[in-house]
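Following: one structure in structure tokens, then a few remarks.
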Amino acid sequence: MPVAKKGHGKVLFWGIFGGLSIAAAAGLMMFDGQRLVLPDLPWLRDLVPASAPVVVTPPPAPAPTALASDKLPPQVPVVLTEAMLPQPSMQLDLATSENKGPVISSPAAVVTSEPALQVAATLNSSVPAATPAIQGQKSPESVTVAAPVPVHTTVSAPPALPVAVTRIEKTAVPPSTRELAEKDYRRAESLITAGQVELAAAALMQALKIDPGHLPARQKLIRLQLGQRQNDEAMASLEGGLVLTPNQTGWAISLARLQLDKGDIGAAVHTLERSRPHAENRPDYAGFLGHLKSRQGEHADAAKYYMHAARLAPAEGRWWLGLGLALAADNRQTDAAEAFRQAVATGSLSGDLLRMAQQQGK
């Protein structure tokens, strides 16, 4: 009886030791696509029963799934059938015998097996090692995310607009009338300097024919005509100028004098009255017009023009003397005597004019 217990304990010891060795060998398996063979140990020959090698073939790896939608299909689990699992080599009955020690429940627990147990697992090298799954959590799928394709945006320049070619053609611009008149005027000046007065007058008349409003040319022509005693030609030149420019009050006085010299008092008065609005501030203009009115016998109008001239130039005795004579002729003796005294007081009179003022003022 003691011998039997000693044998049973040895069997139990080697059974436990063999199971731990098998578990350690299984834990050292490497899934690199090679066949796994347990080491050939002598003590394993009596523990492992003879059986056909078990081949564990994992299911094919699922194809990469593109992110087509938010819901992904569940992963297909790897199912190991009973035929694929290694068969138990023995059964241990942990029931306690009468001697309070673990015993083998039946003679079938004695191991009669082949020398070694070979477990082959052929795995697809393309399948990555599975990640240990937590109970109640779905294992993640193998998801292939396509890398973003760079978008190359090509900005093309707008088509060039046709450029209009502008041709600049130079054409000779004919000179203006003022330029032509100025040319004749310059030529007349050169002729005057050379002493050729007649040719100069002809050049000035040509300039006025081209441009009648050329004032310098007309002014120079009038001087040449008056210097040559050509009064009729001078009067024509003055009249033509006043028609175009009546504000030339100096030309109006010159023309009125020439007309007066010819005895045409009415024409002289008409000339002065035409340009009078432009000569309101000229005392000589008003005094000359008062003289012409007195010679026409229009003493009241003459006194009015003389009074205007005396107010513009109170220090000029001639206008006071003319005012006194016009007032005396209009039977306004008291006002006339006062005008004569003002004429003497100016001290600008001399000779016969002074004596006349003194006699009329008594």
Side-chain angles (χ1 to χ4, degrees), residues 215 218-219 222-223 225-226 229 231-362:
L215 297 182
R218 187 175 296 275
Q219 183 68 32
I222 292 171
R223 288 181 180 179
Q225 292 170 343
L226 290 175
R229 304 288 184 176
N231 294 341
D232 293 338
E233 291 80 356
M235 290 174 62
S237 297
L238 289 168
E239 182 67 32
L242 288 172
V243 171
L244 296 175
T245 54
N247 61 334
Q248 295 293 326
T249 56
W251 290 355
I253 292 176
S254 297
L255 178 58
R257 290 187 183 279
L258 291 174
Q259 292 170 340
L260 181 60
D261 291 343
K262 292 187 68 173
D264 193 350
I265 299 176
V269 171
H270 174 73
T271 298
L272 293 178
E273 286 182 344
R274 182 176 56 187
S275 298
R276 185 174 60 85
H278 304 285
E280 290 294 332
N281 295 325
R282 294 192 61 171
D284 57 338
Y285 196 96
F288 188 20
L289 187 56
H291 174 69
L292 293 176
K293 288 291 184 177
S294 294
R295 294 187 64 172
Q296 285 183 329
E298 299 179 2
H299 302 291
D301 291 340
K304 182 179 63 175
Y305 288 120
Y306 276 126
M307 177 64 69
H308 183 65
R311 288 176 179 173
L312 292 175
E316 182 61 48
R318 292 179 302 165
W319 313 136
W320 291 110
L321 179 58
L323 175 60
L325 293 173
L327 291 173
D330 197 31
N331 296 322
R332 296 168 61 185
Q333 300 299 329
T334 305
D335 295 334
E338 183 62 28
F340 289 136
R341 287 192 293 271
Q342 290 290 337
V344 174
T346 59
S348 60
L349 297 176
S350 61
D352 295 338
L353 295 179
L354 178 58
R355 286 191 292 270
M356 182 184 297
Q358 290 175 347
Q359 290 177 358
Q360 297 293 332
K362 292 182 181 180

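The analysis underlying the following values was restricted to heavy atoms, covering all of them including side chains, and did not include hydrogens, waters or symmetry mates. Since this is a predicted model, take the numbers as computed values, not measurements.
In summary, D232 and K262 engage in a salt bridge, as defined by a charged side-chain N under 4.0 Å from a carboxylate O. The pair E273-R276 does not count as a salt bridge, with every side-chain nitrogen at least 4.0 angstrom from each carboxylate oxygen.
Using a 4.5 Å cut-off on side-chain heavy atoms (C-beta onward), L258 and L226 make contact. Side chains of K293 and V269 form a contact here, defined as non-hydrogen atoms less than 4.5 Å apart.
Atom CG of L327 and atom CD of Q333 lie 9.0 Å apart (nearest 0.5 Å). For the atom pair Y285 OH and L272 CG, the distance stands at 4.5 Å (nearest 0.5 Å). In this structure, CZ in R318 is found 9.0 Å from CG in L349, a value given to the nearest 0.5 Å. Taken to the nearest 0.5 Å, the CH2 atom of W319 stands 14.5 Å off from the OH atom of Y305.
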Worked check of side-chain contact (heavy atoms from CB on, under 4.5 Å) between L260 and R257
CA-CA 5 Å; L260 181 60; R257 290 187 183 279; 5.6 Å; no

side-chain contact (heavy atoms from CB on, under 4.5 Å) for Y306 and H291? Distances and angles first, verdict last.
CA-CA 8 Å; Y306 276 126; H291 174 69; 3.5 Å; yes

Before you tell me yes or no, could you show the steps for L325 and M356 under side-chain contact (heavy atoms from CB on, under 4.5 Å), namely the whole-Å CA-CA distance, both residues' side-chain angles and the distance that decides it to 0.1 Å?
CA-CA 10 Å; L325 293 173; M356 182 184 297; 4.2 Å; yes

Using residues 237-252 as the side-chain source, report each donor-acceptor pair under 3.5 Å to any protein atom, sequence neighbours left out, with the distance given to one decimal.
unit_1	atom_1	unit_2	atom_2	d
S237	OG	Q225	OE1	2.9
S237	OG	Q225	NE2	3.4
S237	OG	E233	O	3.1
E239	OE2	R274	NH1	3.1
T245	OG1	G241	O	2.8
T249	OG1	R282	NH1	2.8
W251	NE1	Q219	OE1	2.5

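Across all their heavy atoms, A256 and F288 have their closest contact at CB-CE2, 3.8 Å. For V344 against A357, the heavy-atom pair with the smallest separation is CG2-CB, 3.6 Å. Shown here for G287 and A309, the closest heavy-atom pair between the two residues is N-CB, 3.8 Å. In plain terms, the two heavy atoms of G317 and T346 that are nearest each other are CA-OG1, 3.3 Å. Here the closest non-hydrogen pair linking G324 and F340 is C-CZ, 3.5 Å. Annotation for A286 and H308: closest pair CB-CD2, 3.8 Å, computed over non-hydrogen atoms.
For the side chain to side chain donor-acceptor pair (under 3.5 Å) test with Q259, the passing option among D264, T271, N231 is T271; the others fail.
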